[in-house]
Every structure is written in C-alpha cells, then in structure tokens.
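Only a predicted model underlies this, so the values are computations on that prediction, with no experimental measurement involved.
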Amino acid sequence: MKAAFLFPGQGSQSVGMGRSFYETSAAAKAVFEEANDALGFDLARLAFAGPESDLALTANTQPAVLTASVAAATVCGERGLTPALAAGHSLGEYSALVIAGALRFADAVRLVRRRGEFMQEAVPVGTGAMAAIMGLELGAVEALCKEAAQGEVVEVANINSAGQIVVAGHKPAVERAVALAGKKSVMLPVSAPFHSSLMSPAAERLAGELAAVTVSDLAFPVVRNADAGVTRAADEVKPFLLRQVASPVRWTECVQRLSAEGATFFVEVGPGRVLSGLLRRILDGVRGHSIEDAAGLDKALEALAASG
C-alpha cells in the first residue's frame, strides 16, 4: 500500500491535542519540548490545558497544530507507518514539509508563529470574514462572489470538496455572498479573511522570514495547496509557501493529485477529523484513517495490515 499523510490546518485544534502521544512517546515529548524552546513559551501547556480562547488565537493555533501533527507523525514513524507522499491543508503544508525533511521543525514552528501574526495583522479585526458556501459548484460560487463584491473583495479561499467551498474577503461582501447562497451557507468563526488577496501584506512580510530559512530536498513528494502541483525539490518550497498565503487552498485537487500519484491508503495525522470527512466526498470508496491519538494509530495500523 502507498500511504499518503494528510496534515490538518487551522480549525482542527482542540484543548488536549497531542497529549496522548506526549505521555506515551519520548520522541513525541521531544517534539513539544523543541517547540517550547524555539518559541520561548510553554506551547505544550497551552495545547494540553488551554484556555481554548488563547489556543484559538491564530498566532498560537498555527504552531500548536503543527507541533501536534509532527509529534503524531513521529510516533507513526516509530511504529513503522511512513508516508510515500503527503499534503497539508493550509498551515498543514508546513507539517508535510517538515516530515518530508524540507524544513527543520524548529524553523517551521517559528515560521508559522510569524505567519499567524502576519495573517492576523494584514486586515484589522472585524474588517474581514470567511463563510462556507454549501451545495454549489465552484463556477457558481465564483459567479456569486462577483455579484456580492460590489467594489469590495470576496473570493474563493478553500475548495474543500464538491459542494463545500469557503469564501473570504471584506465582511460586508462575505455576508452578501452568504445571503445570495441561501440557508445552507454560514459565516465561519474566524478572525481574518485567510487565503484571499487581502492577505498579500502577510505574504510580503513572510518572505523576509522565509529568506532566512534553509530548505533541503524532500525525502518524498508533497502536493502543494496553491496549484495542486507536486513539490519534489528544495527550490520549489519557498515560492509556493509564499503563494499559498493569499491564494485559494485547492484541497479537492490536492487529494485527487495524491490519488493520481498512486496513493492508496490515506491517514489524517494530527488533531481533528476534518480531512478524513472531506476525503470521502472527494474520492469515491476511499476512507481515511484519523491519527490524533494512540488509539487512532492502532486502528490505522490494523486497517493497513488488513488491506495487505
């Protein structure tokens, strides 16, 4: 079986994430300790004990989800479950690049901390918003955004599956888009219009941080968000991480590309089960296995053994 690791992004966080692996694996504990050292504060304590309001702050969420995901993937490796290829949703792309050996973990955790700060600061609080548009295909959502804009920005931000597309932009324009889309569409509880052109200032600031980071060639391919292409070499990493900030997450195409590259066994590695749920809607007859704790890893290994 050719295993693909799927790494979650912001929104998958929960108080207590990663604790199961921290308490049962010295290697996972070391990942959290390295994050604490790199950031200069006790990220492990925040992830395990909250408060939830602090964990939900973008600048905290991004390094916390990255750390919990890398810790989980490290334990997977200890148990013999390793990826042939990977992808990550938004900040999850950093998790994938760490496990592929392209980014040092300490560099990545500092990068996503800064990325979170830059993304939050790009647009004043209360100015931007995001919404999930349900039950409409991409072309219909794009047309709806054009109608709702009225001189403001509202754009496709995440293409999560057929019939589940997230838009982002100026709050009034996003609200108009939701009104046009109908009752199945909802505003999302986020503090900034991520993956829209309003994030361009964040990308410009992130460029300076990325310039100081050394990137290595990858041990396995990583499918990237910005264009669903495949990153195989070090020189492809930085340009696409910069593009990603203000570009839509093309998640449907990412999963389809993983399948086209030969993936036959999919595991969501890190907190939450969002990506496993989306997987079923993207690939017919394919089920993902969620590894957010030791019990989930045991089940995934059993499923892998049973699949031969």
Between [Y] and [X], is there a side-chain donor-acceptor contact under 3.5 Å, judged purely by atom types and distance?
X: Ser90; Y: Gln10; answer: no
X: Asn158; Y: Arg250; answer: no
X: Thr231; Y: Glu236; answer: no

Under 4.5 Å between any side-chain heavy atoms of [X] and [Y], yes or no?
X: His170; Y: Val123; value: no
X: Leu275; Y: Phe7; value: no
X: Tyr22; Y: Thr67; value: no

Practice problem: Inspect the contact between Glu302 and Lys299 and indicate whether a charged nitrogen and a carboxylate oxygen are less than 4.0 angstrom apart. | Solution: no
If only atom types and distance count, is the side chain of [X] paired as donor or acceptor with the main-chain N or O of [Y] below 3.5 Å?
X: Glu93; Y: Asn225; value: yes
X: Ser25; Y: Phe21; value: no
X: Asn36; Y: Ala44; value: yes
X: Arg287; Y: Arg280; value: no

Quiz item: So which pairs with a foot in residues 256-266 pass side-chain hydrogen bond (donor to acceptor under 3.5 Å, both in side chains), sequence neighbours left out?
Solution: Arg232-Glu261, Arg257-Glu261
Considering only distance and modelled atom types, tabulate donor-acceptor pairs under 3.5 Å from the side chains of residues 128-147, sequence neighbours left out.
none

Quiz item: Which atom pair, heavy atoms only, marks the closest approach of Ala28 to Val75?
Solution: CB-CG2, 3.7 Å
Quiz prompt | Pairs satisfying salt bridge (Lys or Arg N to Asp or Glu O under 4.0 Å), at least one member in residues 60-84, at least two apart | solution = Arg79-Asp298
